[in-house]
Visitor: 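To start, I am sharing the structure in question, which I have written as structure tokens.
Note that these values count all heavy atoms, side chains included, but never hydrogens, waters or copies made by symmetry.
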Amino acid sequence: MPEGPQLISRLARPLLAASFVAGGYGVLREPGPLPELARQHGVPLPEAATRATATGMVVGGLALGSGIAPVLGGGTLIACLVPTTLTVHAFWRQADPARRRMQRNEFFKNVSLLGGLVIAAAASSRRSLPVGGDGA
């Protein structure tokens, strides 16, 4: 049975990954307005980019959440999240105060998720790499 931090990590990784897996799966099933939104933001090949991002979210989320490849999974999710955050949730470009507020909330939610992914990947990499006797 895992102890302390390892147990917490095993419980937290799937919780962090769940929204990525569910969201990515939903977009793969029904992309809705996302390809058009990507096109409006100047993303080349918006249909393919939308599907690639959704696939990355599912695969990365499963890799992180299952613990099979948490560092690679976390890195994949970071690679999906950064461009989306900077492109779609660029609140500083919004003239309307209500839209600016909504996009700012989405932007900082994603920044918080990025922090969680970095923590999860770092914690997982410390266990998978040779480290000194003090565990640092």
Side-chain angles (χ1 to χ4, degrees):
M1 173 119 186
E3 295 179 20
Q6 191 177 18
L7 176 61
I8 291 169
S9 220
R10 283 191 181 185
L11 294 173
R13 279 194 315 258
L15 295 173
L16 179 58
S19 68
F20 292 102
V21 174
Y25 179 73
V27 170
L28 287 172
R29 287 185 48 119
E30 178 53 51
L34 294 179
E36 176 58 24
L37 184 62
R39 187 192 64 72
Q40 290 171 6
H41 284 91
V43 174
L45 303 169
E47 285 279 342
T50 299
R51 291 205 177 273
T53 299
T55 300
M57 289 170 59
V58 171
V59 172
L62 290 172
L64 173 68
S66 67
I68 291 173
V71 175
L72 182 60
T76 300
L77 293 172
I78 289 168
C80 292
L81 197 56
V82 168
T84 301
T85 301
L86 294 174
T87 304
V88 178
H89 302 302
F91 65 90
W92 53 91
R93 294 185 185 145
Q94 299 296 322
D96 176 55
R99 287 189 56 82
R100 177 183 289 263
R101 193 170 29 259
M102 180 183 72
Q103 291 303 328
R104 185 180 58 233
N105 290 342
E106 292 298 315
F107 179 90
F108 283 109
K109 176 196 61 135
N110 283 6
V111 168
S112 297
L113 285 170
L114 284 168
L117 291 168
V118 169
I119 290 168
S124 297
S125 70
R126 279 197 302 270
R127 282 192 300 281
S128 61
L129 298 174
V131 294
D134 62 353

Visitor: When the side chains of residues 54-81 are checked against the rest of the protein, which donor-acceptor pairs come out under 3.5 Å, sequence neighbours left out?
Guide:
| unit_1 | atom_1 | unit_2 | atom_2 | d |
| --- | --- | --- | --- | --- |
| T55 | OG1 | R51 | O | 2.8 |
| S66 | OG | L62 | O | 2.7 |
| S66 | OG | I68 | N | 3.2 |
| T76 | OG1 | L72 | O | 2.9 |

Visitor: Applying salt bridge (charged side-chain N to carboxylate O under 4.0 Å, His left out), which residue pairs with at least one partner in residues 34-46 are found, sequence neighbours left out?
Guide: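 Qualifying pairs, neighbours excluded: E36-R39.
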
Visitor: Show me, pair by pair, the donor-acceptor contacts under 3.5 angstrom made by side chains of residues 115-123, not counting sequence neighbours?
Guide:
none

Visitor: Any salt bridge (charged side-chain N to carboxylate O under 4.0 Å, His left out) involving residues 64-83? Give me the pairs, sequence neighbours left out, ordered by first then second residue.
Guide: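 Matches after skipping sequence neighbours: none remain.
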
Visitor: For residues A90 and L86, report the shortest heavy-atom separation together with the two atoms involved.
Guide: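 Scanning both residues completely, I find the closest heavy atoms to be CB-O, 3.5 Å.
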
Visitor: So which pairs with a foot in residues 110-122 pass side-chain hydrogen bond (donor to acceptor under 3.5 Å, both in side chains), sequence neighbours left out?
Guide: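 Sorted pair list: T85-N110.
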
Visitor: What residues, two or more places apart in sequence or in another chain, satisfy salt bridge (Lys or Arg N to Asp or Glu O under 4.0 Å) together with E106?
Guide: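 With neighbours one apart ignored, the set is K109.
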
Visitor: Could you give the side-chain donor-acceptor pairs of residues 95-103 under 3.5 Å, partners two or more places apart or in another chain?
Guide:
| unit_1 | atom_1 | unit_2 | atom_2 | d |
| --- | --- | --- | --- | --- |
| D96 | OD2 | R99 | N | 3.1 |
| R99 | NE | Q94 | OE1 | 3.1 |
| R100 | NE | Q94 | O | 3.2 |
| R100 | NH2 | Q94 | O | 2.8 |
| Q103 | OE1 | H89 | ND1 | 2.6 |

Visitor: With sequence neighbours excluded, what pairs up with R93 under the side-chain hydrogen bond (donor to acceptor under 3.5 Å, both in side chains) test?
Guide: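 Residues passing side-chain hydrogen bond (donor to acceptor under 3.5 Å, both in side chains) with R93: none at all.
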
Visitor: With the 4.5 Å side-chain cut-off for hydrophobic clustering, are V88 and V43 part of the same group?
Guide: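 Shared cluster, no.
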
Visitor: Could I get the full list of side-chain hydrogen bond (donor to acceptor under 3.5 Å, both in side chains) partners for T84, not counting sequence neighbours?
Guide: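 Counting only residues at least two positions away or on another chain, T84 forms no side-chain hydrogen bond (donor to acceptor under 3.5 Å, both in side chains).
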
Visitor: Hey, what else clusters with I8 if you join Ile, Leu, Val, Met, Phe, Trp, Tyr whenever side-chain heavy atoms sit under 4.5 Å?
Guide: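 I8 clusters with nothing; isolated.
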
Visitor: Other hydrophobic cluster members with L45, side-chain heavy atoms of Ile/Leu/Val/Met/Phe/Trp/Tyr under 4.5 Å, chained?
Guide: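 Its cluster partners, ordered by chain and number, are none at all.
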
Visitor: Output the distance between atom OG1 (T50) and atom CD (E47), rounded to the nearest 0.5 Å.
Guide: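 Atom-to-atom, T50:OG1 and E47:CD are 6.5 Å apart.
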
Visitor: Using the rule that two of Ile, Leu, Val, Met, Phe, Trp, Tyr join whenever any of their side-chain heavy atoms come within less than 4.5 Å, decide whether L113 and L15 are in one cluster.
Guide: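 Different clusters: L113 never reaches L15 through Ile, Leu, Val, Met, Phe, Trp or Tyr contacts under 4.5 Å.
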
Visitor: Is there a continuous path of hydrophobic side-chain contacts, each under 4.5 Å between heavy atoms, that joins F107 to L37?
Guide: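 No.
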
Visitor: Side-chain donor-acceptor pairs under 3.5 Å in residues 24-31, sequence neighbours left out?
Guide:
| unit_1 | atom_1 | unit_2 | atom_2 | d |
| --- | --- | --- | --- | --- |
| Y25 | OH | R29 | NH1 | 3.3 |
| E30 | OE2 | G32 | N | 3.2 |

